[in-house]
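Since the structure comes first, as structure tokens, the remarks are kept for the end.
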Amino acid sequence: MKNSSIFNEVFGPVMVGPSSSHTAGPARIGLMCRRMLPDDPSEIEITFDRLGSFAATYIAQGSNYGFIGGLMGLDIGDERIRRALVTAKEKGIKFNFLITDLVDPPHPNFARIKVRTRSGYALEAEAASTGGGMFEITGYQGRRVSLKGDGHEFLFLMDAPEATAAAVEGILKARRIGHRTEITPGLLNIKTDRADDDLRRELDRATGQAGLYLAPILPVVKRMGGAWPFTVAGEALDYARRNGITEPWRLATAYESALGGVGEDNVLAMMDHIAAVMRASALKGVAGGYRQRGFLPPQSPIMRQSVEEKRVPQVNLGVLNRAALWSCGVLDYDICLGVVAAAPTGGSSGVLPGAVISVGEDLGLGQAEISRALLVGGLVGVFIDHQATFAAEMAACQAEIGAGSAMAAAAVVQLLQGTPQEAMDAAALALQNMLGLVCDPVAGVGNIPCVSRNATGAANALISANMVLAGFNPRIPLDEVIEAMKSVGLMLPPELRCTGRGGLCITPTAKEIT
């Protein structure tokens with residue numbers, strides 16, 4: 001069982017839109033590859049499989065500027081990454097994207113990367129964007145690796161890595177550094193949860209060469225060899241009962257503190273930052289005034305103005321109207337390359353701001369209460385990531401907006417001072433309501449249907465929380481619903497999983513738009 005972090009796999013990255021899988025993941029892959037280079041790139045070639053997700057979306061969803069920006073050393077949260085393709089041309093960097101038939105690509109978001117630097121150094125890498133901004137480098141100079149950016153990595157190319165493994169183990173044990181050593185033909189890969197210059201020099205001496213050191217890219221470096229209090233929802237509820245925990249947010253801080261070896265205050269401070277980005281993106285989204293991207297102008301500013309001027313009849317849905325508007329606003333802003341917090345993905349980044357932050361403020365709650373609620377949502381996201389996926393390419397939109405809605409439902413229960421059991425039940429109900437939701441962004445952009453589906457996800461979260469707090473029993477436990485979501489995703493044909501080959505994407509109007 002893997003151990004996901006609320007701030008690695010679930011909330012974040014703070015990113016320039018539009019997509020966590022197709023923009024942020026490629027940018028992080030590119031940035032990791034840039035750290036493998038001795039100097040600046042001069043030629044870049046990136047290859048996608050013809051039937052994969054990148055082939056259909058790499059232009060509309062910004063994979064092109066994500067990869068190139070990362071290879072130039074830009075972080076996905078750096079607004080300069082929007083101009084990465086222009087900047088590369090200005091710097092004389094040649095780049096090319098190829099679409100071909102690859103043999104058994106391991107992931108729909110798989111890419112082969114070749115880079116030549118100004119000094120003549122050549123890099124060959126293989127990688128996949130695995131959902132929610134996460135990634136894995138799976139090939140380095142023809143060797144098999146697994147690099148995910150969540151720890152310190154040391155790579156040594158050598159004919160007989162087994163010969164030096166014992167010396168390396170001795171150094172790491174003597175320094176009491178959490179670590180894992182992986183040996184593949186021609187490569188020694190040492191992974192540690194902390195590092196300094198002295199360690200780097202010792203490892204270089206032990207191996208007889210200057211290895212390649214890669215610093216972490218993700219915000220949380222996970223402790224190696226630690227003991228986690230729980231990994232799934234059922235275990236968390238047992239932990240709460242054994243330890244007398246009645247507030248759901250305390251489960252989240254207990255988990256994240258154990259994972260990263262940090263205190264509760266640090267966890268809350270990280271959540272405060274994410275919440276601030278979410279709120280800012282919602283306000284900017286509904287305010288308008290930013291450049292259109294895609295085939296529709298941003299819809300949330302139009303709706304806001306209509307409501308404020310009372311030009312349209314509307315059913316009085318109370319706080320739900322504001323929640324829906326904020327959810328749409330974040331997605332509008334995301335599509336137009338604004339800075340948002342993926343939650344758990346770019347395509348679902350409007351659900352939690354709409355359902356949790358706007359509702360929290362409507363209830364008169366302060367930043368501390370809202371951040372605690374978001375942490376509960378993050379913990380539900382951890383359980384989903386442990387047992388399923390956030391990648392629409394793997395399980396369709398139920399894994400994005402469905403997951404975001406489940407997270408938001410649990411968070412709303414925390415806002416209303418519910419119990420851990422009620423939080424997990426609300427998440428289970430919300431996810432039940434969205435099983436089978438397909439991923440079919442028209443023209444690969446997200447104007448339709450992603451914006452409106454975020455509002456639907458927020459509404460579903462609020463309704464699910466209210467129903468559970470009123471006594472409704474969803475009966476199927478959250479862990480089992482997550483497993484069902486995963487199995488449904490595997491049953492869906494590839495045409496309904498973010499490839500642009502099914503659903504709304506093949507309607508006559510969508511074809512004309514495309």
Side-chain angles (χ1 to χ4, degrees), residues 1-5 8-9 28-39 104 106-107 110-115 117 121-128 130 134-228 231 258-262 386:
M1 175 70 73
K2 67 178 179 179
N3 293 99
S4 301
S5 163
N8 285 0
E9 286 84 354
R28 283 175 159 175
I29 291 169
L31 186 58
M32 196 76 162
C33 288
R34 176 62 185 87
R35 295 182 179 181
M36 298 175 178
L37 304 176
D39 59 317
D104 295 327
H107 193 281
F110 176 77
R112 284 185 177 152
I113 302 154
K114 294 182 179 180
V115 184
T117 71
Y121 178 85
L123 169 69
E124 293 189 9
E126 295 184 345
T130 54
M134 299 300 291
F135 70 94
E136 182 179 15
I137 307 289
T138 56
Y140 165 68
Q141 303 297 51
R143 279 80 167 179
R144 181 171 50 84
V145 294
S146 177
L147 311 175
K148 299 181 179 180
D150 58 356
H152 301 269
E153 305 276 0
F154 299 84
L155 300 176
F156 298 92
L157 296 174
M158 54 180 58
D159 293 331
E162 300 84 356
T164 58
V168 165
E169 283 286 323
I171 292 170
L172 295 169
K173 288 179 179 178
R175 294 173 65 100
R176 297 183 179 178
I177 294 175
H179 66 280
R180 187 168 68 254
T181 302
E182 296 183 356
I183 299 173
T184 57
L187 179 71
L188 175 64
N189 177 200
I190 304 160
K191 303 173 181 291
T192 67
D193 56 17
R194 56 189 175 89
D196 54 32
D197 289 341
D198 287 341
L199 176 62
R200 293 174 63 179
R201 284 190 286 267
E202 279 193 72
L203 294 177
D204 286 352
R205 284 196 295 269
T207 58
Q209 62 174 278
L212 175 65
Y213 168 67
L214 301 171
I217 285 178
L218 303 185
V220 174
V221 175
K222 302 169 186 175
R223 292 192 304 132
M224 294 186 181
W228 324 126
T231 56
L259 186 74
V262 297
H386 283 171

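In what follows, residues are counted from 1 in the order of the sequence shown.
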Which heavy atom in Y121 sits nearest to a heavy atom in P38, and how many Å separate them?
CD2-CD, 3.5 Å
Strictly below 4.0 Å, N to O, side chains only: are R200 and E202 in salt-bridge contact?
no
Strictly by salt bridge (charged side-chain N to carboxylate O under 4.0 Å, His left out), give each pair with a member in residues 159-168 just once, sequence neighbours left out.
none
By side-chain contact (heavy atoms from CB on, under 4.5 Å), V145 pairs with (sequence neighbours left out) I137, Y140, L147, L187
Candidate pair H152 and L214, rule side chain to side chain contact (heavy atoms under 4.5 Å, CB included), full reasoning:
CA-CA 6 Å; H152 301 269; L214 301 171; over 6 Å; no
Suppose we screen for salt bridge (charged side-chain N to carboxylate O under 4.0 Å, His left out). Which residues come up paired with D204, at least two apart in sequence or across chains?
none
Side chain to side chain donor-acceptor pair (under 3.5 Å) partners of K148, counting only residues at least two apart:
none
Nearest 0.5 Å, what's the CE-CG distance between M32 and L218?
8.5 Å
Between OG1 on residue T207 and CE on residue M158, distance to nearest 0.5 Å
5.0 Å
Sub-4.5 Å side-chain heavy-atom contact between L123 and K114:
no
Please report the shortest heavy-atom distance between R194 and R175, naming the atom on each side.
NH2-O, 3.0 Å
If the condition is ring pair (Phe, Tyr, Trp, His ring centres under 6.0 Å), which residues does F154 pass it with, not counting sequence neighbours?
Y213
Minimum heavy-atom distance between T138 and F110, given as atom pair plus value
OG1-CE1, 4.3 Å
Quick one: CG on L259 to CG on N3, what's the gap to the nearest 0.5 Å?
6.0 Å
Once rounded to the nearest 0.5 Å, what's the spacing between atom CE of M224 and atom CD1 of I177?
10.5 Å
F156 versus V168: any side-chain heavy-atom pair under 4.5 Å?
no
Can any side-chain N or O of S5 pair as donor or acceptor with the backbone N or O of E9 at less than 3.5 Å?
no
Measure the spacing between CG of N189 and CG of L155 and express it to the nearest 0.5 Å.
5.0 Å
Go through the structure and list residues passing side chain to side chain donor-acceptor pair (under 3.5 Å) with S146, not counting sequence neighbours.
E136
Mind checking what makes salt bridge (charged side-chain N to carboxylate O under 4.0 Å, His left out) contact with R223, not counting sequence neighbours?
none
By side chain to side chain donor-acceptor pair (under 3.5 Å), R201 pairs with (sequence neighbours left out) D198
Decide yes or no on side chain to side chain contact (heavy atoms under 4.5 Å, CB included) for L172 and L199, but give the supporting numbers first.
CA-CA 8 Å; L172 295 169; L199 176 62; 3.9 Å; yes
Which residue pairs pass the salt bridge (charged side-chain N to carboxylate O under 4.0 Å, His left out) test with at least one member in residues 184-193, sequence neighbours excluded?
E153-K191
Verify side chain to side chain contact (heavy atoms under 4.5 Å, CB included) between I113 and V115, making sure each step is shown before the conclusion.
CA-CA 7 Å; I113 302 154; V115 184; 3.8 Å; yes
Mind jotting down which residue pairs meet the side chain to side chain donor-acceptor pair (under 3.5 Å) criterion with at least one end in residues 163-173? Sequence neighbours excluded, please.
E169-H179, E169-T181
Step-by-step side chain to side chain contact (heavy atoms under 4.5 Å, CB included) determination, V221 to D150
CA-CA 5 Å; V221 175; D150 58 356; over 6 Å; no
Can you sort out the partners of E124 under salt bridge (charged side-chain N to carboxylate O under 4.0 Å, His left out), two or more places apart, ordered by chain and number?
none
Could you tell me which residues satisfy salt bridge (charged side-chain N to carboxylate O under 4.0 Å, His left out) with R35, sequence neighbours excluded, listed by chain and number?
none
So which heavy atom on A167 is nearest to which on A206, and how close?
CB-CB, 4.4 Å
